[in-house]
Amino acid sequence: MIRYALTCANSHQFESWFQSADAFDTLRAADMVNCAICGDSNVRKSIMAPRIGKATETNTEMRTERPLSEPASSAEQAVKELRDKVEANSEDVGTNFADEARKIHNGEAPERAIYGEAKPQDAKSLIEDGVPVLPLPFMPTRKTN
């Protein structure tokens, strides 16, 4: 595992772990590395000082940094709170978002709050047809086994 300090095109700085340097390059080439703050996929590695402990330090003594699962900034905290609220009060329709949003708009499905994923051309079509949608500043949480 390798940790990189990253910066997006909007100058947001964040860190992330990768299986290897090659894994980072592969994920970045597939636009799967996104800014933790704004979601931008134009991400590059930043200069990062190596963390080298004294010979007398134990692994436990070296763990003084915050866990990566905790928000690193007030912006990340706000996005986390928004995600929690959306996920608690809306139905995740996954990749069926565009179809379900259109059905709700046309009265063919019960009106309710939904979220999910849509291809850019599908999202554009929804907006052009007057369906009230907006992008979320985070990727939906997907549970995997």
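All values below come from the heavy atoms of this structure, side chains included, with hydrogens, waters and symmetry mates left out. Because the structure is a prediction, the values reported are computed rather than measured. Starting from 1, each residue takes its place in the sequence as its number.
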Practice task
Examine distances only and state if a side-chain atom of Thr26 and a backbone atom of Asp22 form a donor-acceptor pair shorter than 3.5 Å.
Solution key: yes
Practice task
Please check if the side chain of Asn42 supplies one atom and the backbone of Ala9 the other of a donor-acceptor pair under 3.5 Å.
Solution key: no
Handout entry: Single-linkage hydrophobic cluster, 4.5 Å side-chain cutoff, Met32 and Trp17 together
Key = no
Exercise for the section: May I ask whether Leu136 and Ile37 are part of the same hydrophobic cluster, defined by side-chain heavy atoms of I, L, V, M, F, W, Y residues being less than 4.5 angstrom apart, directly or through others? Expected result: no
Problem - Under 3.5 Å side-chain donor-acceptor pair for Arg112 and Ser90 - result: no
Practice task
Decide whether Leu134 and Tyr115 are clustered together by the hydrophobic rule: side chain heavy atoms of Ile, Leu, Val, Met, Phe, Trp, Tyr closer than 4.5 Å, transitively.
Solution key: yes
Handout entry: Verdict with supporting geometry, Lys45 and Asp25, side chain to side chain contact (heavy atoms under 4.5 Å, CB included)
Key = CA-CA 10 Å; Lys45 294 180 205 172; Asp25 293 336; 4.2 Å; yes
Exercise for the section: Please examine the side chains of Cys8 and Gln13, heavy atoms only from C-beta on, and report whether any two atoms are closer than 4.5 Å. Expected result: no
Exercise for the section: For the pair Lys80 and Asp84, find out whether any cationic side-chain nitrogen is under 4.0 Å from an anionic carboxylate oxygen. Expected result: yes
Problem - Validation row: Asp92, Phe97 side chains within 4.5 angstrom (heavy atoms) - result: no
Problem - Atom pair SG (Cys38) and CG (Asn10), whose distance is rounded to the nearest 0.5 Å - result: 4.5 Å
Problem - Audit row: Asp122, Leu126, side chain to side chain contact (heavy atoms under 4.5 Å, CB included) steps and yes/no - result: CA-CA 6 Å; Asp122 292 337; Leu126 288 171; 5.6 Å; no
Handout entry: Lys124 atom NZ, neighbour heavy-atom count above 12 within 6.0 Å
Key = no
Handout entry: From CD1 (Ile104) to CD1 (Ile114), nearest 0.5 Å
Key = 4.0 Å
Exercise for the section: Apply the test side chain to side chain contact (heavy atoms under 4.5 Å, CB included) to residues Phe14 and Glu76: give CA-CA distance (whole Å), side-chain angles for both, the deciding distance (0.1 Å), then the verdict. Expected result: CA-CA 10 Å; Phe14 59 103; Glu76 281 187 29; 4.1 Å; yes
Problem - Side-chain (Asn106) to main-chain (Glu108) donor-acceptor, under 3.5 angstrom - result: no
Practice task
Test Leu6 against Phe24 for side chain to side chain contact (heavy atoms under 4.5 Å, CB included), laying out the working first.
Solution key: CA-CA 11 Å; Leu6 304 170; Phe24 169 80; 3.7 Å; yes
Exercise for the section: Evaluate whether atom CD of Gln77 has more than 12 neighbouring non-hydrogen atoms of other residues, nucleotides or ligands under 6.0 angstrom away. Expected result: yes
Fill in the blank from the handout: So CG of Asn34 and CG of Leu27: to nearest 0.5 Å the spacing works out to 10.0 Å
Exercise for the section: Report yes if some heavy atom in the side chain of Asp129 is under 4.5 Å from a heavy atom in the side chain of Arg102; otherwise report no. Expected result: yes
Handout entry: Nearest-0.5 Å distance, CD of residue Glu15 to OG of residue Ser46
Key = 9.5 Å
Handout entry: Minimum heavy-atom distance Cys35-His12, with the two atoms named
Key = SG-CB, 3.6 Å
Handout entry: Interatomic distance, Thr95 atom OG1 to Glu117 atom CD [nearest 0.5 angstrom]
Key = 7.0 Å
Fill in the blank from the handout: d(Glu91 CD, Glu100 CD) to nearest 0.5 Å is 6.5 Å
Handout entry: Pairwise side-chain contact, Val133 with Ile127, heavy-atom cut-off 4.5 Å (strictly under)
Key = yes
